[in-house]
Amino acid sequence: MVVRTSYPFLAASFYLSLAPAVHSFASYANDFVDPSKILSKTFPPTTIDSQQAIVSWANELATIGPWSVVQKSYTPPTGNKHDYASFAPYWWPDCSKVGNTTALTDEQIWTTCPYVVKDGEFNPDVRVLVNDIGSFGELSDAVLYSALAWAINGSSSYASAVNNWVKIWFVDPNSTMNPNLDYAQMQRGPNGQKGTHTGVLDLKSMVKIVSGVLILRDGKAAEWTSDVDDGLVSWAKAYIPWLETATIAIEERNSTNNHGSFYFNQLAALQILVGDKDGAKKTIDDYFNGIYLGQVTADGNQPLESARTRPYHYRAYNLAAMITNARLGSYVGYNAWNTTTTKAASELYPVVGAVASTYGDPDGKYANFLLKNAGQSYPSDASFLWNQPLSDSGLVDTSKANNNSGSGNPTGSNSQAANAALLAAPGVSWTTWMLWYLSCTVVMAFSVLDF
């Protein structure tokens, strides 16, 4: 058997083709930039270096674009280059049992050899002939940094460039991307080229594009045209149903690790773009009351990310998605910043009360903790009696303390008053009183036994 493995050549071609790898700009995993904070232009003087970096990065990215899915040399299985395509990055061919007697071409390897996963090991040939994922990543960075540069110095060239790039990728029928990811992160091999749910992650940085567009839209940039804005919204309205109903999209939504986190990033950002803030708020709520609750343990670990081959990278990666979801939530009026993944153990409540009573609780943080976690019944816990002073958060009806004083206590003031009244009654002898007292005692004794 002869197998022509051109991996050294492919690797060299791959790295040479990825000139952006030596660029100086930073491509963050994801982030949402609130347009109101940028358009207020109340930047502290200490941000001057970061402003200059943004302008520099915008200038650099402008020399790379424009970008389009039709630029790739690879043709998707549909025969339509408007379909987004990418190969699963951690899957490698195993041609050991193919049985060929001549060298296989790259295309034959892709369709003949079974592929096996090697988690964390990036196959260098995935972006040689099809690099839609790289193009979209650069597009998202270019849109964000150029919109920011426009807000910083007001140069129309930045807004004009964004308008052109967005038009080419999303609006122009000659170059637009079809609104689906049916062929994203395809697992190659003899079973055909089919997209997988992990491919939804390829468009995670849609959040950056939405951030940039909102800056230009809300800032009323003259160069951001209504036809491009309307075209982008139309594209998003066609893509959102796919993102919510396609089988591989639903599988990605149900992923409990970073894939799921980034899914919610993408969907919420698109809902904001099309003006569906209620939908975006629900999406963020679904995340923070869904998969988020199982992503971080009480000790701060992210077990699903720690189990990967590069745990530090994946933990930071998922944190970026978490923060992006929280920022998207803030934009639509949903405060997720204090949402915890674990509830305080009930045995902690008396300890918190003891600390409050010993060190004081002037700002009410300990009482608020008990109210939030133990609920409105925390002043009814026995330890509340000796853990004083400690606020009851206004929950206790203190009038009951006067009405029920001595209740259930035979030696209390009410009992003493009754005895005194009995002794003072005319015609009542000591013998009568003692018989009455003994009768009450017997009745009480039997009541206790019966209980």
Side-chain angles (χ1 to χ4, degrees), residues 3-7 10 13-14 17-18 67-95 97-100 102-118 122-139 168-206 235-236 238-253 255 259 262-263 266:
V3 178
R4 181 173 64 83
T5 55
S6 54
Y7 291 127
L10 287 173
S13 300
F14 170 66
S17 69
L18 290 185
W67 303 266
S68 169
V69 290
V70 301
Q71 293 171 341
K72 57 181 174 287
S73 58
Y74 170 82
T75 301
T78 57
N80 187 349
K81 286 192 176 183
H82 290 275
D83 285 325
Y84 179 98
S86 65
F87 293 138
Y90 302 143
W91 287 77
W92 293 73
D94 178 6
C95 302
K97 298 179 182 179
V98 173
N100 60 300
T102 59
L104 298 174
T105 66
D106 292 333
E107 290 76 9
Q108 288 174 328
I109 292 175
W110 297 348
T111 59
T112 304
C113 301
Y115 273 66
V116 295
V117 67
K118 298 180 180 180
F122 194 91
N123 187 334
D125 79 345
V126 298
R127 296 191 184 182
V128 174
L129 296 180
V130 51
N131 193 26
D132 284 350
I133 183 174
S135 296
F136 187 80
E138 289 177 347
L139 169 66
I168 291 172
W169 189 282
F170 296 103
V171 182
D172 188 337
N174 295 316
S175 54
T176 185
M177 168 188 163
N178 288 335
N180 66 72
L181 291 172
D182 290 334
Y183 301 98
Q185 291 203 19
M186 292 180 284
Q187 293 178 4
R188 292 167 286 178
N191 293 325
Q193 314 293 297
K194 297 181 294 185
T196 58
H197 74 86
T198 57
V200 178
L201 183 69
D202 285 9
L203 261 59
K204 70 181 187 301
S205 55
M206 185 70 76
W235 186 94
Y239 175 63
I240 288 173
W242 183 92
L243 196 57
E244 293 182 313
T245 62
T247 299
I248 59 175
I250 294 172
E251 290 174 353
E252 186 75 344
R253 178 191 179 102
S255 297
H259 279 264
F262 282 112
Y263 171 92
Q266 186 180 160

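Computation of the quantities below employed the complete heavy-atom set of this structure, encompassing side-chain atoms and omitting hydrogens, waters and symmetry-equivalent molecules.
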In short, Tyr90 meets Trp92 closest at the heavy-atom pair O-CD1, 3.5 Å
Taken in chain and number order and not counting sequence neighbours, the residues that satisfy side chain to side chain donor-acceptor pair (under 3.5 Å) with Tyr84 are Asp202
Any side-chain heavy-atom pair from Pro93 and Asn123 closer than 4.5 angstrom? yes
ask   = How about Trp235 and Phe170: are their ring centroids closer than 6.0 Å?
value = yes
Output for pair (Asp182 CG, Thr78 OG1), nearest 0.5 Å, gives 9.0 Å
Side chain to side chain contact (heavy atoms under 4.5 Å, CB included) filter on Ser68, not counting sequence neighbours, yields Val70, Gln71, Ile168, Ser175
### Message
Taking the side chain as everything from C-beta on, heavy atoms only, tell me whether Tyr183 gets closer than 4.5 Å to Pro77.
### Response
yes
Sequence neighbours excluded, the answer for ring pair (Phe, Tyr, Trp, His ring centres under 6.0 Å) partners of Tyr74 is Phe87
TODO: Determine whether Leu181 and Glu252 make a side-chain contact, defined as any pair of heavy atoms from C-beta on separated by less than 4.5 Å.
DONE: no
Open item on the list: Ring-plane angle category for His197 and His259, please: parallel below 30°, perpendicular beyond 60°, tilted otherwise.
Closed with: perpendicular
*asked:* Quick one, Val98 and Cys113 - any side-chain contact, counting heavy atoms below 4.5 Å?
replied: yes
Looking only at heavy atoms, the pair that brings Cys95 and Leu104 closest together is SG-CD1, 4.4 Å
- Taking side chain as C-beta onward, heavy atoms only, is Trp242 less than 4.5 Å from Ile248? yes
In this structure, OG1 of Thr112 is separated from CZ of Arg188 (nearest 0.5 Å) by 12.5 Å
When rounded to the nearest 0.5 Å, the distance separating CZ of Phe262 from CG of Leu203 is 13.0 Å
Applying side chain to side chain donor-acceptor pair (under 3.5 Å) to Tyr239 and not counting sequence neighbours gives Gln266
**Prompt:** Side chains of Leu243 and Tyr263: closer than 4.5 Å at any heavy-atom pair?
**Reply:** yes
For residues 77-94, the salt bridge (Lys or Arg N to Asp or Glu O under 4.0 Å) pairs (sequence neighbours left out) are none
Rounded to the nearest 0.5 Å, the NE2 atom of His82 sits from the CG atom of Asn180 at a distance of 12.5 Å
Is a donor on one side and an acceptor on the other found under 3.5 Å between the side chain of Lys204 and the backbone of Leu201?
no
Sorted by chain and residue number, the side chain to side chain donor-acceptor pair (under 3.5 Å) partners of Trp67 (sequence neighbours excluded) come out as Glu138
